[in-house]
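Each chain gets a letter, A, B and so on, in the order its sequence line appears, and its residues count up from 1.
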Protein chains: 2
Amino acid sequence: MQTAVREKIESFLKTKGLRRTVQRDAIIAAAFGTTDHFTAEDLLDMARKKERSVSRATVYRTLPLLVESGLLRELDLGRDQQYYDPNFIERPHHNHLICLDCDRIVEFEDLHMDVLENCITKRLGFTPAVKMIRIEATCEQLRTTGSCPNLTRRSRRSSRNPR
Amino acid sequence: MQTAVREKIESFLKTKGLRRTVQRDAIIAAAFGTTDHFTAEDLLDMARKKERSVSRATVYRTLPLLVESGLLRELDLGRDQQYYDPNFIERPHHNHLICLDCDRIVEFEDLHMDVLENCITKRLGFTPAVKMIRIEATCEQLRTTGSCPNLTRRSRRSSRNPR
DNA sequence: TTAAATGCAAATTATTTGCAGAAGC
DNA sequence: GCTTCTGCAAATAATTTGCATTTAA
């Protein structure tokens, strides 16, 4: 986790009057120690590797704090669990393309898109707050060559909640 | 429900080899007899007004069929339940703006946005399938005049599932 | 006539919460 | 010391499913 990120988080905890605990530290380090998207269960696994005492309840209690702080964003992938994206600190305006062939998620940024969204929002009489674009698409290369380059880095599918 | 819509649905049921039942008819009539977004529970209520025998299970079994057919779309409103949008038959390219002040949802279409999305997708090596934009925003008028025009038509909040 | 569809109630599963003990400040 | 935080286990709530029965074709 980078220093800039660490500082933002420290300042967030301080502002909110939240205490530092080994569990929170582990959860935060896990959340921002990856650029992968993750579920609550994924985060529990990752945090437990750093600190065995982390419980599911604390993960579920910490997640909304991080979302509220703006450091972490909920990500609608159209699946049954909530996913989280830790990459908004680095790239606050990115969006997501979901490959229907291999489930891989491609992050992209586009300035024109962003400007256009702002214009539309203002025209409608609003001030933009959170903007998100999700594009589901099929892989062109799979269609033409019969093989999907993404299949080689097929995104991790988390196993069922073994409660 | 309009004739064009009815025909699309008839043809979908026929293609899929699905049977017509009074319950399905009622659910479909309810789903496309409104332009409001709804939850499964909302749809159950609406369908039961047309046909008392409709059960929750049948609603939950019918919804994925309608989504699969492309007639109905799942709508991520960032809430805890799944919402559905019956307006994609009429306006296949619309998007959603959510007012953070009053929760109202404004549907909008923009050709430039659509073209731009297609370009970006192709540039990334994909063919677009389903595109969605969600903008959360605050009401400009509320900020300047202290009253939100949308508050007058505040969107319905469904009551808790009384199971 | 027979495969598909239904209602019911139980099961599943992600998430939330009450509570008693632990720990940060 | 006092308040916040934690783990545990039970509760909650949306959705799914098994099964016996009904019904469309």
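Cluster note: A/Leu111 groups with A/Val115 through ILVMFWY side-chain heavy atoms spaced under 4.5 Å, whether in direct contact or through intervening members.
Here C/dA4 presents its P atom at 11 Å from CZ of B/Arg24, a figure rounded to the nearest Å. Counting to the nearest Å, the C1' atom of D/dA13 and the CZ atom of B/Arg56 are 11 Å from each other. The CD atom of A/Glu51 sits 11 Å away from the P atom of C/dA23 (whole-angstrom rounding). B/Asp80 places its CG atom 15 Å from the C1' atom of C/dT17, with the value rounded to the nearest Å. If you measure from atom CD1 of A/Ile28 to atom C1' of D/dC5, you get 13 Å, rounded to the nearest angstrom. Rounded to whole angstrom, the span from the OH atom of A/Tyr60 across to the P atom of C/dT13 amounts to 13 Å. Nucleotide C/dA14 holds its P atom 7 Å from the CD atom of A/Glu41, rounded to whole Å. If you take CG of A/Asp25 and P of D/dC5, they are 13 Å apart, rounded to a whole angstrom.
Judged by distance alone, the side chain of B/Arg73 and the main-chain N or O of B/Phe88 form no donor-acceptor pair under 3.5 Å.
Residue pairs meeting the side chain to side chain donor-acceptor pair (under 3.5 Å) criterion with at least one partner in residues 120-132 of chain A, sequence neighbours excluded, are A/Asp114-A/Lys131, A/Asn118-A/Lys131, A/Thr127-B/Glu140.
Annotation: salt bridge (charged side-chain N to carboxylate O under 4.0 Å, His left out) contacts of B/Arg91 (sequence neighbours excluded): B/Glu107. Partners of B/Ala26 according to the side-chain contact (heavy atoms from CB on, under 4.5 Å) rule, which considers only residues two or more places apart in sequence or in another chain, are B/Lys50, B/Glu51, B/Val54. Applying the salt bridge (charged side-chain N to carboxylate O under 4.0 Å, His left out) test to A/Glu68 and every residue at least two apart in sequence or in another chain returns A/Lys16.
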Where protein sits on nucleotides 18-25 of chain D, one letter per nucleotide: B base, S sugar-phosphate only, - none, heavy atoms under 4.0 Å: BB---BBS
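Of the side-chain N and O atoms in A/Gln23, one or more sit less than 4.0 angstrom from OP1 or OP2 of D/dG7.
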